[in-house]
Amino acid sequence: MESHSWQEWEKKLAAVTAAFEAEIAGATDEKAVEAIRQRYLGRKGGVLAGMLRTVGELPAAERPRAGQLANAARGAIEARLSERSAQLAVAALERRLAEEQVDVSLPGWPVPAGHRHPISIVKAEIEDFFVSLGYDVVSGPETEYDYFNFEALNIPKEHPARDMHDSFYLGETTLLRTHTSPMQIRYMQAHAPEVPLRVVVPGRTYRRDDDATHAPMFHQVEGLVVGEGVTMGDLKGTLLALARAIFGEATAIRMRPSYFPFTEPSAEVDVTCTVCGGTGCRTCKGTGWLEVLGSGMVHPQVLRNGGYDPDRVSGFAFGLGIERMAMLKYGIEDLRHFYTNDWRFLAQF
Amino acid sequence: MRVPYRWLKEMVDFDWDVDELAERLTMAGLEVAEIDRAIHLDHVVVALVTDVSPHPQNPHLKIVTVRGLSDQQVVVSGAPNVATGKKVAYARPGAVLPDGRAIGVAAFGGVASAGMLCSAAELGLAGRLDPATVAPGNLPDPAAGILMLPDDAPLDRPVMEVLGFDDDVLDLELTVSYAQHCRSILGVAWEVAALTGAGRNWPVGEAVVADALLDSMPGAVTVSIEDPQDCARYSGVVLEDVQVGPAPWWMVARLRACGMRPINNFVDVTNYVMLELGQPLHAFDLDRVRGGQIRVRRAKPGERLVTLDGSERVLMPEDLVIADAEGPVGLAGVMGGEASEITAATRRVFVESAYFRRELIRATSRRLGLRSEASSRFEKGIDPGGTWRAAMRAGSLMSTWGRLLRGGIDVLPRPEIIRPREVVVSASRMNARLGTALEPQEMGDLWRRHGFGVEADGDTLRVTVPTRRPDVVGEADLAEEVARLFGYDRLPATLPGGQPTRGKLPAEEWVARRLRDDLVSVGLSEAVTYAFLSPRDLDRLRLGNNHPWRQAVAIKNPMTVDQSFLRTSVLPSLLAVIGHNQRYRQNDLQLFEIGRVYRSREGGHDMMLGPAGVVNMTAEELLTRGVAVEETMLAIAGTGLYTPRNWHGDKRAVDFFWLKGMIEHIAQVLALPALHWEPAREPFLHPGRAAQVASEGLVLGYAGEIHPLVAEAYGIGGRVMAAELGLAVLTSLAGAARFYQPLQPFAPVQRDLAVILPVNVPADAVEEVARAAGGPYVRGFYVFDVYAGKGIAPGQRSLAFTVTWAADGRPLSDDEINSYSRAIFAALAEKFGATPRVQPQG
Ligand SMILES: [Zn+2]
């Protein structure tokens with residue numbers, strides 16, 4: 001068996017290893033790697049198995065050495081196969097990820113998002129502010145009696161103040177409420193002689209008016225506090241806190257004497273102009289102030305009509321327009337936008 | 001009301017400039033809406049035309065000689081109306097006209113002209129001045145000819161002064177209460193005096209009654225008052241041998257500054273005194289007052305009177321008239337009669353200064369649409385103590401042009417009205433109301449500045465309020481005077497003390513807030529609409545005559561027909577919003593509104609009325625019960641795409657099941673009990689896509705697709721889904737506290753099943769049968785596929801659903817699930833003839 005000399009065998013194994021290395025380096029996918037594995041390591045017909053079979057033909061003294069060499073070659077091939085597989089898997093993943101690249105500037109899924117109406121936003125802000133101060137919130141009816149809307153509030157028939165309350169009538173003595181103030185009487189009558197009363201009344205009100213600054217229907221919030229020792233200073237402090245809650249901490253208020261039949265003393269309340277911050281601009285007509293609400297100490301006769309003794313208790317009341325607040329807060333110039341509900345308007349809130 | 005600064009300053013010796021005055025008055029409650037600034041034109045003065053001669057070269061020009069106090073000038077003028085003996089507006093060399101023209105000496109056709117004669121337009125007064133009211137001979141057109149000035153205008157005086165434009169004028173916007181006592185220069189002067197403490201210089205004394213109360217002047221006038229309630233006081237003076245002509249220039253200038261037109265000297269004095277003192281006056285031609293009798297009485301039905309404006313008025317018993325022996329000669333406080341007006345021929349004048357009942361004046365002036373400076377003062381309320389003083393003041397001003405008869409008339413059937421009011425107050429309680437800490441003495445001093453009498457006795461203050469302050473009746477009014485003079489800005493800012501109270505929202509408002517937040521988060525936007533309804537809406541909605549939505553409350557005096565009812569449904573409001581937006585091509589719109597609807601109460605509107613108009617209600621009714629039944633609804637309306645067209649390719653239009661999904665979503669959020677959906681019929685809904693939604697036997701409302709004819713009637717293209725649910729029902733059903741369910745250690749088992757059954761078997765019937773047949777552990781049933789068409793017999797459809805089972809504390813075996821599934825198939829087969837589309841596994 002000269003042909004199977006040790007030197008020849010060793011040379012042959014080295015050639016197999018070299019051929020494997022060449023093939024595996026050229027393998028470009030997992031399938032090729034598997035074919036190479038079969039070709040070199042297959043139990044039947046594998047190149048390395050063939051080499052092992054020829055070990056028996058070597059001289060006995062050479063055989064253990066040849067066995068060791070063959071096993072070492074097998075181990076190296078297996079390691080090289082796994083390594084190549086892993087390399088190819090990484091390359092394949094990278095290729096796929098490269099193919100999956102998206103244009104991140106394209107729009108995302110259209111997830112529907114709606115909008116709150118500005119009147120309801122401001123209404124809730126005002127309610128929350130007063131709830132935090134311990135006020136009850138009630139809304140009261142909109143279809144009202146002359147008695148609650150006018151008479152009991154010190155506005156008898158032919159009173160000049162009725163001129164400013166051009167009413168929608170439902171019957172001889174019934175109408176759509178022209179302000180939320182009738183709830184002052186209703187709430188007092190429902191609770192007298194209980195004190196203290198603290199209540200705000202948000203709701204719809206109606207007057208016969210229709211232009212850029214007047215609507216036939218609008219929203220007010222009425223406030224009423226009745227108790228022992230309630231002062232005009234309490235009214236001022238409450239409204240200052242409200243103005244800061246709605247328009248920001250830097251807001252100041254200014255009270256001016258005014259007239260309402262159901263309060264005495266009465267005050268108009270101005271807040272720092274929301275546009276110029278008080279330096280004077282077109283919105284505030286150069287004054288630095290914007291008129292936002294009317295207020296005053298509950299008139300003694302109104303307390304009596306509500307079932308309270310004005311010698312024992314006092315109270316304050318105020319009324320503000322939600323639309324007015326929303327117009328100032330958002331810079332809306334035309335009241336009618338609130339009720340037209342144009343999408344271009346709604347979508348801004 | 002217009003207040004010329006200098007006129008005011010004549011009465012009070014204060015130092016504020018006009019801007020500070022405006023600010024101080026505003027802060028004292030007399031809001032200054034505007035300051036009409038003075039116009040000054042230097043070197044434009046009054047001159048007298050002494051000669052007019054033709055121009056040697058130009059026939060259109062004249063050579064005019066004018067004279068001032070100490071000089072004479074020659075001016076070339078082209079004005080057609082220049083005439084010798086007239087006073088004119090003369091711009092001396094050195095003057096600069098409002099249009100920027102500098103006036104000097106110039107030559108016209110070889111004649112030197114020193115300055116120019118000006119028209120009203122050249123003085124910048126176009127639109128502000130009617131030249132015809134300045135002097136006879138002026139045309140109303142301010143550019144037509146030079147401006148002739150009154151004959152008594154002093155030479156060399158600035159023309160702007162003569163015309164009344166050289167003073168700053170405050171425009172006051174008076175509230176109802178200040179309109180009583182501040183509707184005159186004197187009234188504002190009282191305020192300024194009180195605010196500044198400056199000296200008063202009143203034009204007349206404080207005399208409140210004539211020396212002797214007289215109801216007649218021998219040989220002149222007799223006065224009778226039918227009802228003292230209608231006229232509590234009637235004063236007057238008589239002048240004889242009068243000369244009617246123009247009023248002095250300074251008086252006309254002031255009237256003009258206050259926005260009034262000059263008429264003649266007698267009428268102008270009545271207006272002047274009204275502006276000065278606040279008391280409206282009327283001058284009668286006494287020779288036209290038949291029998292010399294003045295009768296203050298109600299009109300007889302059908303009586304007629306031709307008023308000063310030339311129109312014939314048909315009177316009613318609600319009207320108060322001034323009548324003579326034969327009939328009405330004037331509408332008391334509103335307008336005089338034409339027959340007795342002052343004319344150039346008038347020889348005897350009677351000046352009326354009366355106190356009429358304000359409600360009557362208000363009603364008559366409103367009914368006839370006649371509102372004047374006088375009537376508006378009467379209807380706001382005037383000083384009953386001031387009638388005699390005003391009559392005297394007018395008489396003395398008029399005595400320049402006639403003989404004022406001694407004495408006068410002052411009929412006072414109700415003397416109590418001129419008695420000063422006494423109010424007793426406690427200083428400590430005053431402080432307690434205001435939050436101040438004023439000594440009784442300080443408080444008294446504040447009132448004294450208004451001319452009130454004050455007597456202090458410890459804490460008790462006895463205040464005497466003059467009749468010119470009818471607004472000060474009780475303690476609260478005195479408190480306001482203290483606060484005003486003390487300064488609202490000096491009041492402390494505190495919060496109410498005392499027991500704490502719990503702030504709370506009504507239950508319905510909690511639910512409404514939950515709904516708003518939630519619907520907005522799933523893409524609906526909130527609308528707020530008018531609560532009105534048009535009668536046309538009822539027809540657009542195709543409502544039958546007995547439909548409950550026709551039980552609408554009518555408004556007696558609507559502004560438009562389209563707002564003549566209160567809405568019985570929010571739906572028409574939202575349809576109108578969709579219609580509006582579609583006109584702007586905003587077609588994809590999903591909206592909701594939480595708003596009220598109103599229904600007539602059976603038994604009419606006035607059922608709660610008690611005696612004297614007082615309303616009788618229980619405490620509960622007081623807080624909620626209106627004239628109509630008012631109910632708050634959650635209304636939803638959607639149209640167009642819910643998921644807009646997008647490059648992912650899954651756009652979604654709203655349909656019935658979009659709407660149903662929204663309502664089911666609400667039900668989850670509010671933890672409502674199970675909803676029941678029944679097919680329903682409403683005239684405004686698609687007959688095959690309409691449902692009534694109920695839960696626990698209570699109807700929540702309707703949901704469906706709007707009938708195409710209704711959509712068309714609202715000008716809407718495309719399909720619209722709409723629902724309306726009652727907020728009160730939602731609130732009553734909204735889940736109470738939720739309790740936690742312990743988690744099971746084993747995963748629930750799900751199985752997809754499909755059956756073929758007749759199309760008319762509703763899905764919820766299948767669910768009911770499946771749940772009943774599927775054993776004790778069914779936890780869920782959800783339809784995930786519905787199919788009809790190819791492969792399915794006509795009249796049949798395939799329904800595929802997932803059933804979920806879970807047992808407490810143990811896993812379920814495949815055998816158990818298989819047997820439950822088979823039971824479901826068997827039950828559906830028995831009940832509906834259903835056949836399995838997919839065999840159960842295993
Ligand atoms: Zn501003």
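Note that these values count all heavy atoms, side chains included, but never hydrogens, waters or copies made by symmetry. If you're wondering where the values come from, they're calculated on a predicted model, not measured in any experiment. Convention: sequence-line order gives letters A, B, ...; per-chain numbering from 1.
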Study note, to complete from the structure: Interatomic distance, CD1@I119(A) vs CD@E526(B), rounded to 0.5 Å, equals 9.0 Å
Point to revise | Distance-only side-chain donor-acceptor flag, T26(B) / R254(A), under 3.5 Å | key: no
Practice item. Nearest 0.5 Å please: distance from the CZ atom of R601(B) over to the OG1 atom of T174(A). Key: 12.0 Å
Point to revise | Best-contacting candidate, R433(B), Q563(B), R429(B), against chain A by heavy atom pairs under 4.5 angstrom | key: R433(B)
Check your understanding: For chain A, which of E509(B), E379(B), K380(B) has the most heavy-atom pairs under 4.5 Å?
Key -> E509(B)
Review point. Can you check whether F168(A) and F532(B) have ring centres sitting under 6.0 Å from each other?
Key: yes
Review point. Among G595(B), A619(B), G626(B), A476(B), which residue forms the greatest number of heavy-atom pairs with chain A at distances under 4.5 Å?
Key: A476(B)
Exercise for review: For chain A, find which of E593(B), E31(B), R513(B) contributes the most heavy-atom pairs closer than 4.5 angstrom.
Suggested key: R513(B)
Check your understanding: So what's closer than 4.5 Å to chain A heavy atoms on Y584(B): side chain, backbone, both or neither?
Key -> side chain
Practice item. Could you list the residues that satisfy side chain to side chain contact (heavy atoms under 4.5 Å, CB included) with P141(A), not counting sequence neighbours? Key: E144(A), M183(A), R186(A), E630(B)
Check your understanding: In terms of heavy-atom proximity below 4.5 Å to chain A, should A512(B) be classed as side chain, backbone, both, or neither?
Key -> neither
Review point. Among T340(A), D342(A), N341(A), which one satisfies side-chain hydrogen bond (donor to acceptor under 3.5 Å, both in side chains) with H580(B)?
Key: D342(A)
Exercise for review: Heavy atoms only, distances under 4.5 angstrom: which of E142(A), E127(A), H299(A) has the most pairs with chain B? Name it, please.
Suggested key: E142(A)
